Student: 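Let me begin by handing over the structure; questions about it come next.
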Number of protein chains: 2
Amino acid sequence: MSKQELVVLGQSDESGACCPGLVTAPLDEDRATDLAKLFKALGDPVRLRLMSMIASRSGGEVCVCDLTPAFDLSQPTISHHLKLLRQAGLIDCERRGTWVYYWALPATLDRLAAFLKASQTAEATA
Amino acid sequence: MSKQELVVLGQSDESGACCPGLVTAPLDEDRATDLAKLFKALGDPVRLRLMSMIASRSGGEVCVCDLTPAFDLSQPTISHHLKLLRQAGLIDCERRGTWVYYWALPATLDRLAAFLKASQTAEATA
DNA sequence: ATGTTGCATCGATAAACATCAATACAACCC
DNA sequence: GGGTTGTATTGATGTTTATCGATGCAACAT
C-alpha cells in the first residue's frame with residue numbers, strides 16, 4: 001500500500017503533465033497571466049492569513065463571524081478580501097441562515113504547489 | 001451544502017518544512033507579512049515569466065540582454081521588475097563586464113513550495 | 001410588522017503600482 | 001579622451017488597490 005491519491009473536481013493531474021512548473025520551462029504569457037492572479041491573491045498579508053485560517057479548518061468551513069474579529073480591520077474590508085480570494089478560485093462560500101461559511105478549494109492550492117514544487121527538482125541542492 | 005473535495009495523499013512528507021504551512025495552522029501576522037511579500041513578487045505576469053525564464057536555466061545565469069527582448073515592454077520596466085524580484089530574495093545578480101547576469105535563489109522558491117505543499121496533506125477528514 | 005444581526009455592496013480616498021521617456025552610470029572600444 | 005552599448009535610476013502619469021463609512025439586503029426573533 002503506497003500512496004493513494006484521490007482528487008475530485010476539474011483539476012486533472014498534479015506535478016507533471018498539466019502544468020510545466022516554474023523551473024522546467026519559461027512560462028508562456030497566458031499561463032503566466034493565469035498563475036499570476038493566484039499569486040497576487042495570496043500576495044497580501046490579510047488575505048494570506050484569511051486563507052490560512054480557512055484552509056487550516058481541515059474538516060470544513062469557517063463562519064465569517066469567526067474571521068472578521070481576528071483582524072484590526074473593518075468588516076467591509078474583510079468581506080472584500082474574501083471576495084478576492086473567492087474570485088481567484090481559492091475558496092468558496094455558502095450562506096446558511098444568517099451566517100456565511102467559507103471553505104478552501106484545495107485543488108487551486110495544489111495547482112500552485114505543483115507549479116512551485118518542480119522548482120525543487122531542478123536545483124539539486126535544496 | 002456543497003461538495004467538499006476529498007484528497008487522500010499517502011506521501012511521507014520529507015519536505016522538512018521548517019515553517020507551519022498554510023493549512024496546518026493559522027498564520028501569525030509576521031509570517032503572513034513576510035510570505036505575502038513573496039507571493040506579491042510573483043503576482044505579476046511579467047515577473048512570473050521573468051522568474052521562470054531565469055529559474056529554468058538550471059545551471060545558471062541569464063543575461064538581461066536575453067530577458068528584455070522577450071517582452072513588449074521598455075527596458076526600464078524590465079529592469080524595475082528584476083529589481084523587485086531581487087528585493088524579494090527570489091533572484092540575485094552580478095555585473096560581468098558590460099552585461100548583468102541574473103540567477104534564481106532556489107531556497108526562496110523552496111520555502112514557498114514547502115509552505116504550499118503542506119496544503120495537500122491536511123485534507124483528510126470529510 | 002418591526003427591530004436586530006450578519007454580511008455584502010457602493011462610493012470615496014489615499015497609497016501603491018506598472019509603465020514610459022529621459023537621463024545617468026559603467027564598461028568596453030577606438 | 002570621445003563614442004557606443006548595456007543596464008539602472010529618476011520623474012511623471014495613469015491605473016489599480018486597500019481601506020473606510022454609509023447603506024442595502026437577507027434571515028432571524030419578537
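In what follows, chains carry the letters A, B, and so on, assigned in the order in which the sequence lines appear, proteins first and then strands, with residues in each chain numbered from 1. What you see is a predicted model, and the numbers here were worked out from it, not measured in a lab.
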Student: How many Å lie between CH2 on Trp99(B) and C1' on dC25(C), as a whole number?
Tutor: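 Going from Trp99(B) (CH2) to dC25(C) (C1'), I get 17 Å.
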Student: Of all the choices, dT19(C), dA26(C), dC7(C), which nucleotide is nearest to the side chain of Arg95(B) once you look at every atom?
Tutor: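 The nucleotide sitting nearest to the side chain is dA26(C).
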Student: With a 4.0 Å cut-off on heavy atoms, is Ile78(A) in touch with a base, just the backbone sugar-phosphate, or nothing at all?
Tutor: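 Ile78(A): no heavy atom of the nucleic acid under 4.0 Å.
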Student: Is Leu22(A) close to Leu27(A) at the side-chain level, that is, under 4.5 Å between some pair of heavy atoms?
Tutor: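 The answer is no; the side chains never approach within 4.5 Å.
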Student: Nearest whole Å is fine: how far is dA8(C) C1' from Ile91(A) CD1?
Tutor: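 Rounded to the whole Å, the gap is 14 Å.
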Student: Base, sugar-phosphate, or nothing: which does Phe71(A) touch, judged by heavy atoms less than 4.0 Å apart?
Tutor: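 Answer is nothing: Phe71(A) stays at 4.0 Å or more from every strand.
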Student: Of all the choices, dT7(D), dA18(C), dT19(C), which nucleotide is nearest to the side chain of Leu84(B) once you look at every atom?
Tutor: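 So the side chain of Leu84(B) is nearest to dA18(C).
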Student: Would Arg95(B) and Tyr101(B) count as a cation-pi pair here, with the cationic atom under 6.0 angstrom from the ring centre and within 45° of the axis?
Tutor: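 Ring-cation test returns no.
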Student: Nearest whole angstrom, please: distance from the C1' of dT5(D) to the CD of Gln75(B).
Tutor: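 That distance rounds to 11 Å.
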Student: To the nearest angstrom, how far is Leu82(B) atom CG from dT19(C) atom P?
Tutor: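 The answer, rounded to whole Å, is 12 Å.
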Student: Expressed in angstrom and rounded to an integer, what is the separation of Asp72(A) atom CG from dC20(D) atom P?
Tutor: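 Rounded to the whole Å, the gap is 9 Å.
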Student: Would you indicate, yes or no, if dA8(C) has its OP1 or OP2 atom less than 4.0 angstrom from a side-chain nitrogen or oxygen of Tyr102(A)?
Tutor: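 Yes, such a contact exists.
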Student: What is the distance, to the nearest angstrom, from the NE2 atom on His80(A) to the P atom on dG6(C)?
Tutor: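 His80(A) atom NE2 is separated from dG6(C) atom P by 23 Å.
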Student: Give a yes/no on whether any side-chain N or O of Lys83(B) is located under 4.0 angstrom from OP1 or OP2 of dT9(D).
Tutor: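 For dT9(D), OP1 or OP2 has a side-chain N or O of Lys83(B) closer than 4.0 Å.
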Student: If I take atom CG in residue Leu48(B) and atom C1' in nucleotide dA18(C), what distance separates them, rounded to the nearest angstrom?
Tutor: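 One finds 16 Å between C1' of dA18(C) and CG of Leu48(B), rounded.
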Student: Out of dT7(D), dA8(C), dT5(D), which has the shortest distance to the side chain of Thr98(B)?
Tutor: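 Taking heavy atoms from C-beta onward, the closest nucleotide is dT5(D).
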Student: Is the phosphate of dT19(D) approached by Thr77(A) (side-chain N or O, under 4.0 Å from OP1 or OP2)?
Tutor: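 Result: no.
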Student: Give the nucleotide from the list dT19(D), dA8(D), dC10(C) with an atom nearest to the side chain of Pro76(A).
Tutor: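 Of the options given, the side chain of Pro76(A) lies nearest dC10(C).
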Student: Arg47(B) CZ to dA18(C) C1': how many Å, rounded?
Tutor: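 Distance, rounded to whole Å: 9 Å.
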Student: Donor-acceptor pair, Ser52(A) side chain versus Ala25(B) backbone, under 3.5 Å?
Tutor: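 Yes, because the side chain of Ser52(A) sits within donor-acceptor range (under 3.5 Å) of the backbone of Ala25(B).
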Student: Touch check for Leu67(A), heavy atoms < 4.0 angstrom, all strands: base, sugar-phosphate only, or nothing?
Tutor: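 It contacts nothing in the nucleic acid.
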Student: Is the shortest side-chain N/O distance from Arg96(A) to OP1 or OP2 of dG6(C) below 4.0 Å?
Tutor: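 Answer is no, no contact under 4.0 Å.
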Student: Considering every strand and a 4.0 Å limit on heavy-atom distances, what is the contact class for Arg86(A): base, sugar-phosphate, or nothing?
Tutor: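 Nothing, no heavy atom under 4.0 Å.
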Student: Is there side-chain contact between Val64(B) and Gln75(B), with heavy atoms separated by less than 4.5 Å?
Tutor: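 No, every pair of side-chain atoms sits at 4.5 Å or beyond.
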Student: With respect to Tyr102(B), which candidate in Leu50(B), Asp66(B), Leu82(B) satisfies the side-chain contact (heavy atoms from CB on, under 4.5 Å) definition?
Tutor: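 When Leu50(B), Asp66(B), Leu82(B) are each tested with Tyr102(B), the side-chain contact (heavy atoms from CB on, under 4.5 Å) holds only for Leu82(B).
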Student: Using only side-chain N and O atoms of Lys40(B), determine if any of them is under 4.0 Å from OP1 or OP2 of dC17(C).
Tutor: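 Indeed, a polar side-chain atom of Lys40(B) lies that close.
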Student: So what does Tyr101(A) hit on the nucleic acid, given a heavy-atom distance under 4.0 Å: a base, only sugar-phosphate, or nothing?
Tutor: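 Result for Tyr101(A) = nothing.
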Student: Which part of the nucleic acid, if any, lies within reach of His81(A) when heavy atoms closer than 4.0 Å are counted: base, sugar-phosphate only, or nothing?
Tutor: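 Result for His81(A) = sugar-phosphate.
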Student: Between Arg31(A) and Asp34(A), does any NZ, NE, NH1 or NH2 come within less than 4.0 Å of an OD or OE carboxylate oxygen?
Tutor: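 Salt bridge absent between Asp34(A) and Arg31(A).
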